[in-house]
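Every chain is numbered from 1, with letters handed out A, B, ... down the list of sequences. In this text, all values refer to a predicted model and were calculated from it rather than measured experimentally.
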Protein chains: 6
Amino acid sequence: MLIHLSSWPEIEARLKTNKTVIVPIGSNEQHGPTGLLGTDWLCPEIIAHAAERQDDGLVIAPTFNIGMAQHHLAFAGTISLRPSTFMAAISDWVSSLTRHGFERIYFLNGHGGNVATIEATFAEIYAEWSFLEERAPFALKLVNWWDLPGVHALCSSIFPTGHGMHATPSEIAVTQAAYPDRIKTADYSPKIAPVGPIRDALDYRARFPDGRIGSDPAQASPEKGQRIIDAAVPALIKDVAAFTNEVVPD
Amino acid sequence: MLIHLSSWPEIEARLKTNKTVIVPIGSNEQHGPTGLLGTDWLCPEIIAHAAERQDDGLVIAPTFNIGMAQHHLAFAGTISLRPSTFMAAISDWVSSLTRHGFERIYFLNGHGGNVATIEATFAEIYAEWSFLEERAPFALKLVNWWDLPGVHALCSSIFPTGHGMHATPSEIAVTQAAYPDRIKTADYSPKIAPVGPIRDALDYRARFPDGRIGSDPAQASPEKGQRIIDAAVPALIKDVAAFTNEVVPD
Amino acid sequence: MLIHLSSWPEIEARLKTNKTVIVPIGSNEQHGPTGLLGTDWLCPEIIAHAAERQDDGLVIAPTFNIGMAQHHLAFAGTISLRPSTFMAAISDWVSSLTRHGFERIYFLNGHGGNVATIEATFAEIYAEWSFLEERAPFALKLVNWWDLPGVHALCSSIFPTGHGMHATPSEIAVTQAAYPDRIKTADYSPKIAPVGPIRDALDYRARFPDGRIGSDPAQASPEKGQRIIDAAVPALIKDVAAFTNEVVPD
Amino acid sequence: MLIHLSSWPEIEARLKTNKTVIVPIGSNEQHGPTGLLGTDWLCPEIIAHAAERQDDGLVIAPTFNIGMAQHHLAFAGTISLRPSTFMAAISDWVSSLTRHGFERIYFLNGHGGNVATIEATFAEIYAEWSFLEERAPFALKLVNWWDLPGVHALCSSIFPTGHGMHATPSEIAVTQAAYPDRIKTADYSPKIAPVGPIRDALDYRARFPDGRIGSDPAQASPEKGQRIIDAAVPALIKDVAAFTNEVVPD
Amino acid sequence: MLIHLSSWPEIEARLKTNKTVIVPIGSNEQHGPTGLLGTDWLCPEIIAHAAERQDDGLVIAPTFNIGMAQHHLAFAGTISLRPSTFMAAISDWVSSLTRHGFERIYFLNGHGGNVATIEATFAEIYAEWSFLEERAPFALKLVNWWDLPGVHALCSSIFPTGHGMHATPSEIAVTQAAYPDRIKTADYSPKIAPVGPIRDALDYRARFPDGRIGSDPAQASPEKGQRIIDAAVPALIKDVAAFTNEVVPD
Amino acid sequence: MLIHLSSWPEIEARLKTNKTVIVPIGSNEQHGPTGLLGTDWLCPEIIAHAAERQDDGLVIAPTFNIGMAQHHLAFAGTISLRPSTFMAAISDWVSSLTRHGFERIYFLNGHGGNVATIEATFAEIYAEWSFLEERAPFALKLVNWWDLPGVHALCSSIFPTGHGMHATPSEIAVTQAAYPDRIKTADYSPKIAPVGPIRDALDYRARFPDGRIGSDPAQASPEKGQRIIDAAVPALIKDVAAFTNEVVPD
């Protein structure tokens with residue numbers, strides 16, 4: 001069940017039996033010479049929507065498509081929220097969803113650079129309850145799609161070298177599987193991109209001139225992407241079920 | 001050119017000749033018993049993407065899909081930003097896009113409830129420059145898709161009665177044209193919904209029990225929606241061109 | 001009853017029978033070569049105080065004299081709040097007044113540039129209740145004095161041409177009626193000022209060199225101003241009564 | 001020269017010779033059983049406007065009429081900004097005034113409860129420059145009207161007992177001189193109000209049941225108020241001149 | 001009892017009989033050519049810890065070591081919070097401590113420049129309750145260590161001239177008593193530093209080239225510092241007891 | 001060189017040759033039945049100060065002693081900043097230190113719960129530069145003391161079982177080495193604490209009744225703590241040197 005393609009009575013009815021919602025969350029940012037700018041929000045959306053097609057008991061929120069990408073701002077097309085803005089926006093999403101009765105919110109994340117801010121936001125949200133001496137009536141969970149059980153191992157086996165950390169062949173492949181008419185090519189030089197620390201945008205561009213970090217995206221293919229999706233979907237369904245069924249102590 | 005399906009070198013190249021970007025912006029909120037929760041962000045996205053298919057010189061940002069919908073929060077599935085959060089997020093989008101060299105940002109809006117906050121945000125952004133005694137190196141424009149030249153007149157002619165203000169047959173029809181497999185039906189009672197002031201969420205639900213304001217969405221059809229889209233697309237292309245070519249005084 | 005010239009026991013006593021308060025709100029900003037910088041807060045204050053003299057059952061708050069005028073900052077004497085500051089300040093006024101038991105707050109506005117921010121503030125205030133699933137124990141209303149029933153038509157009939165949008169002969173006339181010893185004159189050139197979009201302060205000054213937009217304030221006179229006031233006062237009294245007596249659905 | 005009754009060309013012209021502006025600032029809050037709610041903003045306004053009538057070289061901004069009065073909120077008619085809101089608003093006033101070229105901003109204050117927040121705001125404003133390693137191109141000064149040279153001594157001599165700290169006979173008298181038709185009376189019990197610490201609003205009302213602190217306002221009279229005004233006006237003119245002429249080290 | 005050297009069960013047990021906590025609070029900022037940068041947080045810490053050694057019934061929080069020192073930022077080693085940040089941080093400390101059941105929080109302050117912001121923070125905190133029409137379940141108190149009964153008189157008698165306002169011989173002496181191996185010397189020129197207003201950092205450095213204001217710290221000695229500490233400790237113990245035992249009206 | 005025990009001329013002189021500063025940062029929060037509430041800020045302080053005693057070329061800032069500990073608020077003595085407050089405070093520290101010329105700021109962290117917020121803060125700080133298209137003139141680095149090269153391995157070898165994640169025998173041991181007179185004992189039950197997710201404070205207390213997570217702190221001893229300190233000190237000195245000498249690309 002995709003929230004944005006449903007009516008409110010449909011969501012209201014579903015809430016009687018399912019109080020877990022999945023929020024695909026990512027970033028719109030450069031992904032090297034060939035990667036789509038939308039890669040990081042497209043990947044979790046692709047996986048979540050594929051999961052919903054297999055199990056329409058899942059409730060999927062609209063995709064949170066802009067995240068924390070300040071370090072990519074020296075590359076055209078990147079759109080970034082400041083961490084403080086990102087926190088406020090996530091908080092309002094959570095306030096909206098829990099207001100309707102969702103008790104478990106599962107963020108399926110597609111951007112490593114989002115992790116710190118999302119976790120800080122969870123703490124900001126929980127802090128309201130912690131200061132009040134009340135228990136939060138909901139639980140929040142963050143999972144990167146590549147950390148779904150089995151997915152990272154699969155990616156490593158498909159791409160034993162040149163996987164890297166940004167514009168990885170895994171994520172490029174996932175978008176190729178979903179958008180085969182948008183596959184772009186380039187002569188990567190060097191074949192495997194350098195690695196290093198991440199700081200501000202101009203420092204980033206000096207270290208990583210074409211945007212990639214440690215990766216060789218030329219290895220990507222739609223077929224490999226489909227294999228990753230096919231592994232991620234059941235892993236997601238299972239992980240969400242475990243979250244839904246988690247026993248909370250009194 | 002859809003930013004999220006492009007690579008950064010493609011956007012960088014395009015910026016040499018086109019410094020205008022269109023941002024579809026809307027809301028995810030109840031649209032009566034049958035309207036899609038995504039209606040208000042789907043409509044500007046549908047129109048903007050259709051325009052891009054006709055004129056690939058247009059640059060379209062990802063869709064800003066969550067807006068200011070506090071008054072709809074008593075209906076399940078609505079997700080709202082507080083106005084202050086919305087302002088911060090729009091500001092960061094603008095900072096990101098202008099950082100790359102976009103000089104004109106055209107927000108194609110799908111939600112009347114967004115208008116005040118978006119305009120306040122423009123003032124907040126401009127104020128930074130106004131206090132500094134510097135001229136903003138960009139211009140911002142907000143246009144509701146139904147205010148594109150000719151569109152409102154068309155909608156009125158198609159739906160002379162029961163158009164209303166929320167969950168209108170026009171917007172429902174536009175989504176029906178784009179998502180024909182998601183058309184929902186209901187027995188509306190009353191046929192034409194009541195009207196009244198908009199305040200907080202529970203007040204809203206008391207006044208407008210099924211979510212509609214003044215509308216009879218039963219009149220919608222995919223064909224009518226397509227007519228509206230077909231009128232909106234050239235109007236958008238022309239309006240964007242006028243914005244791009246506007247002469248700014250020294 | 002003017003709050004600032006009353007004692008707290010007087011207000012406390014009045015609250016037993018009247019829970020509506022009028023807040024004159026405006027801006028301190030340039031009004032062309034001859035208009036008073038205070039025009040936009042003086043006009044609603046003049047009208048509200050005149051109404052109170054006719055009907056001392058009205059409760060009038062102090063005038064909120066600084067609003068959102070970032071676009072006028074290139075003209076000396078303008079004082080502007082950022083929209084975010086304006087929102088915080090209005091929120092605190094509302095929190096204060098509703099804390100005492102006022103249930104209806106009627107903002108009589110004198111500046112078009114305030115409208116978006118005031119409406120966004122209303123949404124920010126209501127959102128607190130909407131997220132909490134509680135009903136706000138008060139209602140907020142914004143009315144521009146020129147939109148009081150009958151006033152706009154009167155202004156149009158007095159000034160069929162050259163009314164314009166900023167430094168209008170209507171508002172200049174209202175201040176002339178109240179401050180006849182402060183009437184200033186100038187040779188306007190052009191007689192009717194240009195029109196155009198409103199952006200940042202330097203852009204504004206480039207488009208509108210003497211500050212006016214579309215207006216010919218030379219037509220103003222104290223007598224015309226008094227006619228406008230005389231029309232606005234009963235319209236205000238009636239509109240406030242309607243707001244007070246509005247039936248709110250359960 | 002009162003800014004709000006001037007036109008922008010008049011202010012622009014004056015700035016060539018005078019770069020100091022006086023901002024009357026106060027609060028709208030209970031002042032005991034008989035004091036006007038506006039007392040704290042009326043007093044500095046009365047004194048500043050009287051000074052301007054004697055020396056029209058002075059530039060007087062509109063009155064900042066709402067300040068920090070959270071502790072008075074248990075008494076009807078009080079309107080308070082939170083300190084953080086107050087800080088933002090003062091900052092925007094300063095940004096506006098210094099943008100036009102005012103280099104010295106003199107806040108003539110009428111409310112002791114404002115002092116800490118105004119001083120914190122000055123530090124907040126200066127900090128922007130201090131972090132940047134730049135010198136602020138303006139100076140800010142806060143003076144309570146009763147601290148103008150000679151005024152406190154006069155008040156003590158007129159009211160040797162029962163002056164107190166809130167709803168003092170001095171401030172009541174100043175408003176009586178200016179608004180003689182608004183004089184109110186009551187049987188004060190006790191004659192001299194108690195003293196104690198100031199905390200939240202309900203604590204305040206428990207300690208100071210009729211709102212006064214340490215004062216016997218029955219001693220006030222319009223004549224005494226006029227004597228205070230007559231002493232404050234020349235002291236203000238002289239103090240502002242000293243501020244204007246202060247030599248700033250390189 | 002020092003909180004940071006205790007376990008949570010120890011604090012929980014103590015809260016059954018003592019609900020007052022002392023927070024040493026200061027600043028890390030230049031103190032002239034010889035003063036320690038930590039002077040302003042070390043002094044209240046020294047006094048509070050000495051008091052705790054005499055009366056282990058006292059509960060002492062960790063030292064709040066960074067305050068509002070924007071005016072000292074032109075001198076290396078100074079670390080300052082903006083007032084707005086300082087306010088947020090103090091608020092969170094108060095929320096944490098009152099959450100555990102502390103009902104009285106006594107800030108022992110070592111920096112005059114903190115006073116305005118701390119008092120504004122108290123108002124910000126109380127305002128939450130004042131707007132809600134609820135009574136704050138705690139009381140906050142700010143005392144500068146030199147204002148403890150008898151201390152200021154002692155300092156004046158030890159240093160009848162050249163005490164000044166910043167880098168005073170009193171505070172230097174207190175740190176010398178506690179950190180005798182960190183005593184530094186210099187040829188002060190002039191012997192007694194100048195006085196003047198405090199604004200931004202570069203203005204400060206222009207007025208007070210070596211950082212001192214009005215003081216001759218050469219008079220400090222560890223012995224004098226110990227005398228001051230010995231006077232402050234019993235005064236603190238007594239003042240805290242009075243605060244704890246204060247009768248609050250209903 | 002400890003900043004707080006130095007004078008500003010000493011820091012100014014040192015900045016000519018050393019532009020790296022170490023900030024010990026932690027949290028004041030419960031550490032099980034026996035751990036000191038200050039453990040998380042004491043550990044990095046102990047290690048940093050020991051390193052400074054070995055290599056007085058190091059510049060050590062005062063300890064940032066309160067961090068993000070909302071999940072521990074159900075245990076008395078815990079003091080927590082909200083993530084948003086923590087971010088503001090860290091930002092001001094960084095602004096202060098870089099204002100003086102420090103180009104590398106090394107945060108030596110003692111609390112896992114701080115990591116997300118500190119990293120989000122780095123992004124918030126860098127974002128200012130990234131949006132401006134300027135390069136930040138400084139670099140920020142976060143290192144948990146247990147992640148210093150070799151330290152984690154040593155801790156694992158000393159405590160092969162029952163190390164856990166909170167109130168670990170490692171951190172308890174480090175504080176025992178530094179504060180041997182503050183060693184506390186208890187009968188832990190169970191011997192090794194449970195593990196689980198971290199959410200709000202009451203959820204935490206329900207899952208981890210005595211505060212520990214996965215640990216058996218009974219294994220701690222001052223001798224073991226000293227071994228850890230002795231390993232951490234040279235690792236810190238070396239890691240800081242590498243950071244200082246890092247070559248930044250143009």
I'd like to verify something: which residue of D:Ile11, D:Leu5, D:Thr63 has the highest number of heavy-atom pairs under 4.5 Å with chain C? D:Leu5

Less than 4.5 Å to any heavy atom of chain D: does that hold for the side chain of C:His100, its backbone, both, or neither? side chain

Reported CH2-to-OG1 distance for the pair D:Trp93 and C:Thr85, which is rounded to 0.5 angstrom: 13.0 Å

What distance separates D:Asp92 CG from C:Ser84 OG, expressed to the nearest 0.5 Å? 7.0 Å

Honestly, the part of D:Glu10 sitting under 4.5 Å from a heavy atom of chain C is side chain

For chain C, which candidate among D:Pro9, D:Gly211, D:Pro62, D:Ala61 shows the most heavy-atom pairs at distances under 4.5 Å? D:Pro62

What donor-acceptor contacts under 3.5 angstrom involve side-chain atoms of residues 14-22 of chain D, with partners at least two apart or in another chain?
| from | atom 1 | to | atom 2 | distance (Å) |
| --- | --- | --- | --- | --- |
| D:Arg14 | NH1 | D:Asp56 | O | 3.0 |
| D:Arg14 | NH1 | D:Gly57 | O | 3.1 |
| D:Thr17 | OG1 | D:Arg14 | O | 3.2 |
| D:Asn18 | OD1 | D:Thr20 | N | 2.9 |
| D:Asn18 | ND2 | D:Gly57 | O | 2.8 |
| D:Lys19 | NZ | D:Leu15 | O | 2.8 |
| D:Thr20 | OG1 | D:Thr244 | OG1 | 2.7 |

Return the option, out of C:Gly101, C:Ser95, C:Ala89, C:Ala201, with the maximum number of heavy-atom pairs under 4.5 Å with chain D. C:Ala89

Sort out for me which of D:Glu12, D:Arg99, D:Gln30 touches chain C most, counting heavy-atom pairs under 4.5 Å. D:Arg99

How would you list, in number order, the residues of residues 34-49 of chain D that have a heavy atom less than 4.5 Å from chain C? D:Thr34, D:Gly35, D:Leu36, D:Leu37, D:Gly38, D:Trp41, D:Leu42

When you measure from the side chain of C:Asn28 to the backbone N and O of D:His4, does any donor-acceptor pair fall under 3.5 Å? no

So which part of D:Ile66 gets closer than 4.5 Å to some heavy atom of chain C, the side chain, the backbone, both or neither? side chain

Which residues in residues 68-83 of chain D have any heavy atom closer than 4.5 Å to a heavy atom of chain C? D:Leu73, D:Ala74, D:Phe75, D:Ala76, D:Gly77, D:Thr78, D:Ile79, D:Ser80, D:Leu81, D:Arg82

Any residues in residues 175-185 of chain C near chain D, with a heavy-atom distance under 4.5 Å, and which are they? C:Tyr179, C:Arg182, C:Lys184

